[in-house]
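First the structure, in the form of structure tokens, and then the observations on it.
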There are 2 protein chains.
Amino acid sequence: MNKPQQFINLLSRLSRLVNHDGHSKGLKPAQWDAIRYLAQANRFSRSPGALTIYLGATKGTISQTLMTLEKKGFVAKTQDLHDKRAVALKLTTAGENLAKEDALKPFQRMLSDLPANEQNDITLALEKLLLAKLRSDGNKPFGICNTCRHFRKNNQSGSPHFCDLLKEPLCDIESEKICVEQTPA
Amino acid sequence: MNKPQQFINLLSRLSRLVNHDGHSKGLKPAQWDAIRYLAQANRFSRSPGALTIYLGATKGTISQTLMTLEKKGFVAKTQDLHDKRAVALKLTTAGENLAKEDALKPFQRMLSDLPANEQNDITLALEKLLLAKLRSDGNKPFGICNTCRHFRKNNQSGSPHFCDLLKEPLCDIESEKICVEQTPA
DNA sequence: AATAATAGTATCGACTCGAAACATTATTAT
DNA sequence: ATAATAATGTTTCGAGTCGATACTATTATT
């Protein structure tokens, strides 16, 4: 088997397994993807639109997935205050509990059984691969807020940081989350 | 973001992208998975049952996928000679042409744009990860026939090799393919 | 010969997915 | 201001996935 073919085989089979683990606790893989995202996105990013970009899906599909998650009681929708078109998403308590018991935990446990150096190699390789793919597709990275070029740190404890793009204050917690607008410095 | 969470994020997002690339040329990801498999499986493995195990799906799902692939003219079914329950699968010429233009080619091209050592690191990491997962799930590896403990090599050119498990002769081409029964030596 | 195991198919309901049409609400150009 | 345009979501459609379950036909076992 030649190298490129092997790479495709590994990738497609691995993806299959990951996807398969997403059939868990009565949810579907796509629903887990959404919950996982919402558990980590900052307030500028908890919208159907941002989720759509993150998951590389279409608006319609995401709308459906969010509908069923809302019906199941894991996600709550509220209207955005500033923009009446926009919808603000939030995990309910049930949704947050679910996020803590991620369907991919078994995968994670499996990794933690490997030698520490292999764990590192694997994580690093995945990161390189993902970033290369995102770049080649022109996708947004959705990195951590406080690693963004628009992030303005405030060193006085208690007072908030600041996003220079959206002109909005940022508490510590929010600035640790992922953001649609994040652009590496 | 802690390490385990990062790993899950990388893995799930990467899988999403891989899956997404499978919506190509009018086929679905699962259909590509089937075609990719059939293009590489030896004659003992070109059956709905083996494909089911390989993809980690259920019989019913695979039956459906194969039905639509047959309807589209990419797969042909014939009855097995020895076992009248069994179905032998084969890619049609159209199916083989499709396999040569795999939906994941863009991903492969992207990899080939990376430095050679990174390509290697990434492939190796994927392999480790996949094997660890297969092991932890108790899945079969589907390795290359001639790396199997039951493979008996014949060094006289022209005469076939042999599978000591299934008691069947193996030509060079078949012994280079993947097999359900493969067990590392 | 009866029973169990195996290989597949058929059917169901919930869901995904892209595509396209459709509101609403914001933004921009005139 | 107001009209054109862009952006945010929703709805609907058809094809397909997926697990679960029930079912058929064939082969193996007892």
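Letters A, B, ... mirror the listed sequences (proteins, then strands); counts begin at 1. Just so it is clear, the structure is predicted and the values come from calculations on it, not from any experiment.
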Problem set entry | Out of C:dT9, D:dG16, C:dG18, whichever nucleotide has its closest atom nearest the side chain of B:His20 | C:dG18
Whole-Å distance separating the [atom1] atom of [X] from the [atom2] atom of [N]:
| X | N | atom1 | atom2 | answer |
| --- | --- | --- | --- | --- |
| A:Lys77 | D:dT10 | NZ | P | 4 Å |
| A:Leu69 | C:dT16 | CG | P | 7 Å |
| A:Asn19 | C:dT16 | CG | P | 11 Å |

Extract all donor-acceptor atom pairs below 3.5 Å that involve side chains of residues 60-67 of chain B and protein atoms in other chains or at least two apart in sequence.
from: B:Thr61; atom 1: OG1; to: B:Thr58; atom 2: OG1; distance (Å): 3.1
from: B:Thr65; atom 1: OG1; to: B:Thr61; atom 2: O; distance (Å): 3.3

Problem set entry | side-chain contact (heavy atoms from CB on, under 4.5 Å) between A:Lys90 and A:Val75, intermediate numbers included | CA-CA 6 Å; A:Lys90 213 170 83 74; A:Val75 167; over 6 Å; no
Mind listing the N/O atom pairs, protein and nucleotides 24-28 of chain D, below 3.5 Å?
from: D:dT26; atom 1: O2; to: B:Arg85; atom 2: NH1; distance (Å): 3.3
from: D:dT27; atom 1: OP1; to: B:Lys84; atom 2: N; distance (Å): 2.7

Problem set entry | Distance, nearest 0.5 Å, that separates CZ of A:Arg43 from SG of A:Cys171 | 7.5 Å
Which part of the nucleic acid does [X] contact within heavy-atom distance under 4.0 Å: base, sugar-phosphate only, or nothing?
| X | answer |
| --- | --- |
| B:Gln31 | sugar-phosphate |
| B:Lys72 | sugar-phosphate |
| A:Thr52 | nothing |

For this session: Report the residue from A:His150, A:Arg152, A:Arg149 that forms a side chain to side chain donor-acceptor pair (under 3.5 Å) with A:Asp164.
Result: A:Arg152
Exercise. Do B:Lys133's NZ or CZ and the ring of A:Phe107 fall within the cation-pi criteria of under 6.0 Å and 45°?
Worked result: yes
For this session: Answer yes or no: side-chain N or O of A:Ser63 and base N or O of D:dG9 forming a donor-acceptor pair under 3.5 Å.
Result: no
Can you tabulate the close N/O pairs, meaning under 3.5 Å, that link protein atoms to atoms of nucleotides 20-22 of chain C?
none

